[in-house]
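Below is one structure, written out as structure tokens; comments come after it.
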Amino acid sequence: SEAIKRNQNVFIAFQGTGTTWCYGIKAAATCNCITANDCQIDGVDRVANSTDFKSVSLAQNFSDGDLRFEPRRGTVDDNGTATLTSSIGQTERKTEIRVSLLGRVRICSPSGSANIKDYPTC
């Protein structure tokens, strides 16, 4: 919806995996979420990283680590899944963020994992 609203491409860029990761969002061009102030929209940093979420690991399977949402239909150039795993004590809980080529983003808990309340099973 941000790409459609702005009438320009919007990128989500992933860096790293496991317990050292970040992702950032930027309009018009891809960004590097490791570089300070590189992932901004309207002058505001749009970055999440593992230092803020110490018990969460990230795995993703987007072909080049970037997603580009186009402005006319909100479609994306690469479909895939980002999996967030939260480890608290002996319990692991997984959440998947699935992105279809049509730009649909869906959040769910993988079958067989300790589901996170209020998210449907994938």
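Quick note: residue numbers are just sequence positions, from 1.
- By the criterion of side-chain heavy atoms lying less than 4.5 angstrom apart, applied directly or through intervening Ile, Leu, Val, Met, Phe, Trp or Tyr residues, Ile107 is grouped together with Phe14 in one hydrophobic cluster.
- Residues Asp38 and Cys31 meet the side-chain proximity criterion, which asks for heavy atoms closer than 4.5 Å.
- Pairing each heavy atom of Pro71 with each of Asn7, the nearest pair is CB-C, 3.4 Å.
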Notebook entry, point to check: Would Ser57 and Thr85 satisfy side-chain contact (heavy atoms from CB on, under 4.5 Å), going step by step from the backbone distance to the final call?
Noted result: CA-CA 5 Å; Ser57 62; Thr85 304; 3.5 Å; yes

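- Phe69 has its side chain within reach of Ile12: a pair of non-hydrogen atoms, C-beta onward, lies under 4.5 Å apart.
- Between Cys33 and Cys39, a gap of 2.5 Å or greater is found separating the two SG atoms.
- Here the closest heavy-atom approach between residue Asp78 and residue Ser63 is recorded as OD2-N, 2.5 Å.
- Residues Leu67 and Leu58 fall within the same hydrophobic cluster, defined by Ile, Leu, Val, Met, Phe, Trp and Tyr side chains chained together at heavy-atom separations under 4.5 Å.
- Applying the ring-ring contact (aromatic ring centres under 6.0 Å, His included) test to Phe11 and every residue at least two apart in sequence or in another chain returns nothing.
- In this structure, Asn32 contributes its side chain and Ile34 its backbone to a donor-acceptor pair below 3.5 Å.
- With Asn9 contributing its side chain and Arg68 its backbone, the two residues share no donor-acceptor pair below 3.5 Å.
- Salt bridge Asp66/Lys26: absent, no basic N to carboxylate O contact under 4.0 Å.
- Using the six-membered ring where Trp is involved, Trp21 and Phe53 have ring planes that are parallel, under 30° apart on the 30 and 60° scheme.
- In this structure, Asp118 has no salt bridge (charged side-chain N to carboxylate O under 4.0 Å, His left out) partners at least two apart in sequence or on a different chain.
- The only member of Val99, Asn61, Ile97 that meets side chain to side chain contact (heavy atoms under 4.5 Å, CB included) when paired with Thr81 is Asn61.
- Arg98 pairs by the salt bridge (charged side-chain N to carboxylate O under 4.0 Å, His left out) definition with Glu96, not counting sequence neighbours.
- Taking CG from Leu101 and OG1 from Thr75, the interatomic distance works out to 8.5 Å, rounded to the nearest 0.5 Å.
- Using a 4.5 Å cut-off between side-chain heavy atoms of Ile, Leu, Val, Met, Phe, Trp and Tyr, with links allowed through other members, Val56 and Tyr119 fall into the same hydrophobic cluster.
- Side-chain contact check for Ile25 versus Glu2: every heavy-atom pair is 4.5 Å or farther apart.
- Enclosure of atom CZ in Arg106 by more than 12 non-hydrogen atoms of other residues, nucleotides or ligands within 6.0 angstrom is indicated.
- A single hydrophobic cluster is not seen to contain both Ile41 and Ile4; linkage of ILVMFWY side chains at heavy-atom distances under 4.5 Å, directly or through other members, places them apart.
- The main-chain N or O of Thr19 is found under 3.5 Å from a side-chain atom of Ser50 such that the two form a donor-acceptor pair.
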